[in-house]
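One structure is given here, and the rest of the page talks about it.
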Protein chains: 2
Amino acid sequence: MDAVHTLLMDHQIKPSYTRVKIFKYLQEHKNHPTVDEIYQALTEELPTLSKTTVYNTLKLYIDHHLVKELVLKEQKHYDLITTPHAHFKCDRCEQLFDIAIEPPALDETYEDAFEVRDAQLLYHGVCRSCQRSQA
Amino acid sequence: MDAVHTLLMDHQIKPSYTRVKIFKYLQEHKNHPTVDEIYQALTEELPTLSKTTVYNTLKLYIDHHLVKELVLKEQKHYDLITTPHAHFKCDRCEQLFDIAIEPPALDETYEDAFEVRDAQLLYHGVCRSCQRSQA
DNA sequence: TCCATAATTGTAATCATTACAAAATTATAA
DNA sequence: TTATAATTTTGTAATGATTACAATTATGGA
């Protein structure tokens with residue numbers, strides 16, 4: 001039995017051929033691939049693969065907390081620069097809240113490898129009033 | 001003289017009527033508006049305003065570090081869930097690097113107001129090799 | 001084998017953003 | 001002032017990732 005098979009079954013996901021392939025691709029390519037990269041890479045082995053399937057499968061994994069989506073695409077928002085701070089976005093009401101936390105600075109391990117020009121810290125979840133108004 | 005006029009001039013930006021209006025809108029609406037919200041709000045006062053102008057003006061302010069762009073829109077990337085960690089994105093070569101820093105937890109001030117389900121910490125800047133290969 | 005269910009595909013629609021060229025406005029110099 | 005140059009603004013079209021959705025295909029059980 002395949003470890004990926006078992007893992008998917010454990011999460012009530014039927015381990016179809018395509019799903020296993022996509023999962024293994026993620027295991028073997030930890031460089032945060034995009035949908036297009038996954039699609040391009042697998043289309044040789046799976047000539048009938050469609051991009052929609054890649055989207056669907058990733059969504060399935062995300063819903064089951066097997067995969068994380070890295071940079072949420074949404075509209076851009078604009079802010080007059082004040083002090084560094086973070087934001088909380090409610091996934092229900094879509095509201096954006098300011099949070100008075102500064103993104104942590106990079107320590108010595110990284111500070112000569114990367115010249116940081118900006119940092120963004122974004123929390124996601126459910127805000128108070130949406131928690132209350134839940135059925 | 002208007003304070004916004006002076007501020008823009010200080011940053012070598014000609015304070016045109018439209019530019020001042022957009023800047024003041026941001027000052028008076030700190031709720032992180034989108035391009036569309038700015039456009040919709042100002043289109044009454046400035047009936048000939050175009051969305052392109054809003055985009056252009058914001059880009060100008062961003063380049064002069066007067067305004068910050070809040071959630072960068074780009075392709076989504078996918079990552080198998082491991083431990084919480086941060087990322088560094090090089091603005092030159094577009095590469096994405098893992099950073100072993102955990103996004104800070106929300107303290108007592110916020111913890112009963114927000115139910116956090118996810119946090120993303122993203123650094124932007126220039127990576128080592130791009131710093132070296134600069135003219 | 002037949003049927004029901006689920007998985008996969010492909011095309012079209014959506015929508016924020018960008019490119020670009022034309023038009024309008026403003027500044028400059030004679 | 002007038003002509004000319006430079007800049008700002010506009011509007012339309014293109015781009016490109018993502019989603020909607022209906023059609024097709026595969027799968028597993030009776």
Side-chain angles (χ1 to χ4, degrees), chain A residues 2 4-5 8-9 11-25 32-64 66-78 89 91 94 96, chain B residues 2 4-5 8-9 11-25 32-64 66-78 89 91 94 96:
Chain A
D2 193 315
V4 173
H5 267 252
L8 294 183
M9 305 252 299
H11 288 80
Q12 354 289 350
I13 296 171
K14 289 197 187 150
S16 77
Y17 191 66
T18 311
R19 288 174 176 171
V20 171
K21 281 289 179 195
I22 292 177
F23 195 90
K24 287 191 174 170
Y25 182 85
H32 322 293
T34 62
V35 162
D36 197 64
E37 284 162 358
I38 298 168
Y39 172 76
Q40 294 302 337
L42 294 181
T43 201
E44 279 188 41
E45 263 188 291
L46 309 170
T48 72
L49 182 66
S50 90
K51 247 183 209 176
T52 305
T53 300
V54 181
Y55 276 109
N56 290 343
T57 306
L58 288 170
K59 184 174 185 340
L60 186 70
Y61 292 158
I62 290 163
D63 290 346
H64 285 81
L66 290 169
V67 164
K68 195 171 156 178
E69 198 168 50
L70 253 191
V71 169
L72 296 190
K73 176 187 170 178
E74 42 194 330
Q75 273 185 269
K76 291 176 182 169
H77 292 249
Y78 299 90
K89 168 121 188 244
D91 292 326
E94 307 258 287
L96 202 56
Chain B
D2 193 316
V4 173
H5 267 253
L8 294 182
M9 304 254 299
H11 288 81
Q12 355 291 348
I13 295 171
K14 289 194 189 153
S16 78
Y17 190 68
T18 310
R19 287 176 177 169
V20 171
K21 281 287 180 199
I22 292 177
F23 195 92
K24 286 190 175 172
Y25 182 85
H32 323 293
T34 62
V35 162
D36 197 63
E37 285 162 357
I38 299 168
Y39 172 76
Q40 294 301 339
L42 293 181
T43 201
E44 280 188 41
E45 263 187 291
L46 309 170
T48 71
L49 182 66
S50 89
K51 247 183 208 177
T52 305
T53 299
V54 180
Y55 276 109
N56 290 343
T57 306
L58 288 170
K59 183 173 186 341
L60 187 69
Y61 292 157
I62 291 163
D63 290 346
H64 286 82
L66 289 170
V67 165
K68 195 172 156 177
E69 200 169 49
L70 254 190
V71 170
L72 296 191
K73 177 184 166 177
E74 42 194 326
Q75 273 186 271
K76 291 176 182 169
H77 291 249
Y78 299 90
K89 168 122 188 244
D91 292 326
E94 307 256 289
L96 204 56

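Just so it is clear, the model here is predicted, and its values are computed rather than measured. Side chains are part of it too, since the values below use all heavy atoms of this structure and drop only hydrogens, waters and symmetry mates. Numbered from 1 within each chain, the chains take letters A, B, ... in sequence-line order.
Rounded to whole angstrom, the span from the CG atom of A:D36 across to the C1' atom of D:dT15 amounts to 14 Å. Atom NZ of A:K14 and atom P of D:dA26 are 16 Å apart (whole Å). Here the P atom of nucleotide C:dG10 and the CG atom of A:N56 are 13 Å apart, to the nearest Å. For the pair A:I22 CD1 and C:dA7 P, the computed distance is 13 Å after rounding to whole Å. When the C1' atom of C:dT18 is taken as reference, atom NZ of B:K51 falls 13 Å away, rounded to whole Å. Between B:L60 atom CG and C:dT18 atom P the separation is 14 Å, expressed in whole Å. The distance from atom CG of A:L49 to atom P of D:dT24 is 20 Å, rounded to the nearest whole Å. Rounding to whole angstrom units, NZ of residue B:K21 and P of C:dT25 are separated by 17 Å.
Between B:H77 and A:H32, the shortest heavy-atom contact is ND1-O, 2.7 Å.
OP1 or OP2 of D:dT9 lies within a sub-4.0 Å distance of a side-chain N or O belonging to B:S16. A:T57 has no side-chain polar atom (N or O) that falls below the 4.0 Å cut-off from OP1 or OP2 of C:dA7. Phosphate contact (OP1/OP2 of C:dT8, side-chain N/O of A:T18, threshold under 4.0 Å): present. In terms of phosphate contacts, B:T48 brings a side-chain nitrogen or oxygen within less than 4.0 Å of OP1 or OP2 of D:dT10. Applying the 4.0 Å criterion to OP1 and OP2 of D:dG11, one finds that B:T52 has every side-chain N and O outside that range.
Of the possible donor and acceptor atoms, none in the side chain of A:T53 sits under 3.5 Å from a partner among the backbone N and O of A:L49.
Here the options are A:V35, A:T34, A:L70, the test is side-chain contact (heavy atoms from CB on, under 4.5 Å), and the partner is B:Y78; only A:V35 passes.
Between A:K24 and A:D2 a salt bridge is recorded (basic side-chain N to carboxylate O distance below 4.0 Å).
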